[in-house]
Amino acid sequence: MSKDNLIIFGPVPSRRLGQSLGINNIPPKICTYSCVYCQLGRTLHMQVERQAFYKPEEILRAIEKKVKDAKDKEERIDYLTFVPDGEPTLDINLGKEIELLKPLGIKIAVISNASLMWQKDVRDDLFGADWVSLKIDAVSEDIWRRVNRPHKSLQLDKIFQGILEFSDAFNGKIATETMLIQDINDNTQDIEKIANFIAGLRDAKGYISIPTRPPAGKWVKPANEHTINKAYQLFKEKSVITEYLIGYEGNAFAFTGNIEEDLLSITSVHPMREEAVSEFLKKAKANWVLIEKLINGDKLVEVKYKDKKFYIRKLYTVDS
Ligand code: SF4
């Protein structure tokens, strides 16, 4: 594989970012965390010191070429996304790379685990992006250590302080990502604390996810539908705009006219209340037989929260 193809991949469809050209600005797999659910396996090299990995001009040149190729093929690119096999902010040239890419006129996204947000230079680098995703799996120190297995020098309170400072001053969009793992970070109290923290960020959108590919820890189990729904409701109670990221490319806003597909698409992004399902069926001139069929066919699950019924797309299970 050529070096360009190691650094750049796509464009690939992303539910959050449209057509995204991925930038792998960190060699595999250098990270500040070694999350139990990491689909890249155990972290080969843990570090917190930022360093140079590739020359920024090299990244620019590779992207310019890809953008030109995409244009020639009439392929759209909505975002240039830093989403490496490791933590993108470990790259000391991240800010410079963002500045070099800006003249291309394509929005820039960074998907970070947020662990270095306590450093001013990292926050300054990210100010240049249009969209930043920050990982928030736990707000309790012990759970954070169990789920993210951070580098020993990291301190959670400093990270949160950095995230708050960033959110106050950032002009772009912030997304948070919370991966829920059964029996580790999926109890009500902890989810409530996470929701409270996200509610304090300016205009942040909260994404709730589960591992959908084999994780680093073979014993890791994704949270179930009941918990995913509970988390959604708890986030909503704190007025956090929330969506699922559970491995389906569902898009609640793109209706195909196929009622079954549309219903599964919506319920992969957020749960639907019983009344909303009734309304949906009425509009489509269908009835509850369809819902029973989807439940019996293991595609839809009925869950309860505070005595109300909700419907959510059946989640993938990860083989252990
Ligand atoms: S932060 Fe991302 S890359 Fe690093 S260990 Fe966690 S899931 Fe893997």
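When a ligand or atom number is given, it counts from 1 through the structure's own listing order.
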Does Arg149 have a non-hydrogen atom less than 4.0 Å from ligand 1?
no
Shell of protein N/O/S atoms around atom 6 (Fe) of ligand 1, taken as anything under 2.8 Å
Cys35 SG
Flag the pair Arg273 and Glu275 as a salt bridge only when some basic side-chain nitrogen lies within less than 4.0 angstrom of an acidic carboxylate oxygen.
yes
ring-ring contact (aromatic ring centres under 6.0 Å, His included) against Tyr232, all qualifying residues, sequence neighbours excluded:
Tyr244
Taking only heavy atoms of Lys29 into account, list the atoms of ligand 1 that are under 4.0 Å away from them.
5 (S), 8 (Fe)
Donor-acceptor pair, Gln119 side chain versus Asp121 backbone, under 3.5 Å?
no
Less than 4.0 angstrom from a charged side-chain N to a carboxylate O is my criterion; do Lys205 and Glu177 meet it?
no
Quiz item: cation-pi between Arg149 and Tyr33, 6.0 Å / 45°
no
For this output row, return yes or no: ring centroids of Phe82 and Trp131 closer than 6.0 angstrom.
no
Flag if over 12 foreign heavy atoms under 6.0 Å of CG, Asp142:
yes
